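Since we're looking at a predicted model, the values are computed, not measured. Each chain gets a letter, A, B and so on, in the order its sequence line appears, and its residues count up from 1.
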Protein chains: 2
Amino acid sequence: MLPAYLSNPFAAVFGGGKPIDGGRTYKDGRRILGDGKTYRGLFSGIFCGFIAGCIEIWLSSRGFEIMGINMPVFGPDYKSALIVVLALASGALFGDMFKSFFKRRMGLKRGASLPLVDQLDFVVGAWVFTYLVAPEWFVSNFTHGIMLTVIIITPLLHLTTNIIGYLIGVKKEPW
Amino acid sequence: MLPAYLSNPFAAVFGGGKPIDGGRTYKDGRRILGDGKTYRGLFSGIFCGFIAGCIEIWLSSRGFEIMGINMPVFGPDYKSALIVVLALASGALFGDMFKSFFKRRMGLKRGASLPLVDQLDFVVGAWVFTYLVAPEWFVSNFTHGIMLTVIIITPLLHLTTNIIGYLIGVKKEPW
């Protein structure tokens with residue numbers, strides 16, 4: 001999941017520039033996606049997530065492990081593994097973009113928060129993309145138990161980060 | 001899950017009257033829960049959900065089935081089954097109330113929608129209560145696959161209902 005977890009923050013860091021919707025509005029008169037979704041963010045996010053996945057594949061090939069846990073392999077061979085990594089990284093950002101589209105339709109401004117939706121958009125996007133390119137690998141690796149764990153842990157992880165940010169004073173609200 | 005699914009709409013239908021927070025505000029100056037959470041709604045919702053569960057238990061005891069699917073039994077004996085039904089019905093409403101507390105803290109008004117959170121609050125509440133009163137029954141009945149299905153199907157069911165409502169003109173927005 002690391003390529004999916006990393007593509008979003010990297011897209012935010014390297015983002016900016018021309019918005020993907022080119023400033024155009026939807027038939028409801030609101031922006032299609034808004035200024036928060038840019039080409040630079042999209043491509044740099046996918047690139048960084050992809051690189052993270054490549055590092056994982058490389059470490060895995062050298063038998064590297066952290067606290068007894070092996071690096072994930074993402075597939076039976078290098079080609080399949082790279083496709084899965086690309087699907088995880090790009091799916092995460094497209095999931096986020098898909099959500100932005102609906103946020104604009106609901107009349108929410110850029111950055112308006114939707115708890116749970118904001119923390120799971122990229123997970124669902126990454127899973128859908130990965131399932132489409134590698135259904136067998138997906139089904140055998142993302143068991144129901146693992147999926148349930150990711151769905152529960154991801155928002156909690158996000159909340160924990162924000163509470164820490166609140167306690168050390170860098171965030172105004174604890175969520 | 002029927003007691004959990006029914007307690008909420010019945011609470012809305014029979015609700016009104018004295019709010020549970022008695023009009024009091026939290027330290028942020030906003031209402032603790034708001035006028036949307038009343039004693040009458042809470043008790044009538046739990047009562048109706050409980051009755052629905054009792055009907056299921058009764059139908060199950062007579063071997064009743066719908067399209068080849070047996071009614072759920074909720075436990076090894078009547079006493080355990082009634083406790084589970086009560087936990088499902090009341091957990092659903094407490095989950096909803098818990099969410100209302102956080103909605104007020106976020107400054108959201110009564111009825112302001114939080115997609116996904118609004119559709120899963122009662123599911124999580126019902127599961128937590130049921131797990132607390134009958135952990136063994138819970139674990140053997142709510143497998144990871146079933147939990148994942150409920151988490152995915154519940155918001156989709158809600159969305160479908162709303163889209164139908166939009167198409168036949170009783171709802172202004174399709175969500």
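The local environment of CZ in A:Phe47 is sparse, with at most 12 non-hydrogen atoms from other residues, nucleotides or ligands closer than 6.0 Å. Around the CZ atom of A:Phe98, the shell of radius 6.0 Å holds no more than 12 heavy atoms that belong to other residues, nucleotides or ligands. Within a 6.0 Å radius of OH in A:Tyr131, no more than 12 heavy atoms belonging to other residues, nucleotides or ligands are found.
Scanning both residues, A:Gly145 and B:His144, for their nearest heavy atoms gives CA-ND1, 3.2 Å. The shortest non-hydrogen separation linking A:Pro115 to B:Leu114 is CD-CD2, 3.8 Å.
Under the 4.5 Å side-chain heavy-atom criterion for Ile, Leu, Val, Met, Phe, Trp and Tyr, A:Ile153 and A:Trp127 are members of distinct hydrophobic clusters. B:Met106 is connected to A:Leu156 through a chain of hydrophobic side-chain contacts under 4.5 Å among Ile, Leu, Val, Met, Phe, Trp and Tyr, so both are in one cluster.
Rounding to the nearest 0.5 Å gives a distance of 11.5 Å between NZ of B:Lys99 and CG of A:Leu116.
Taking the side chain as every heavy atom from C-beta outward, B:Ile151 and A:Leu148 approach each other to under 4.5 Å.
Contact of A:Ile146 with chain B is not made at all, since no heavy-atom distance falls under 4.5 Å.
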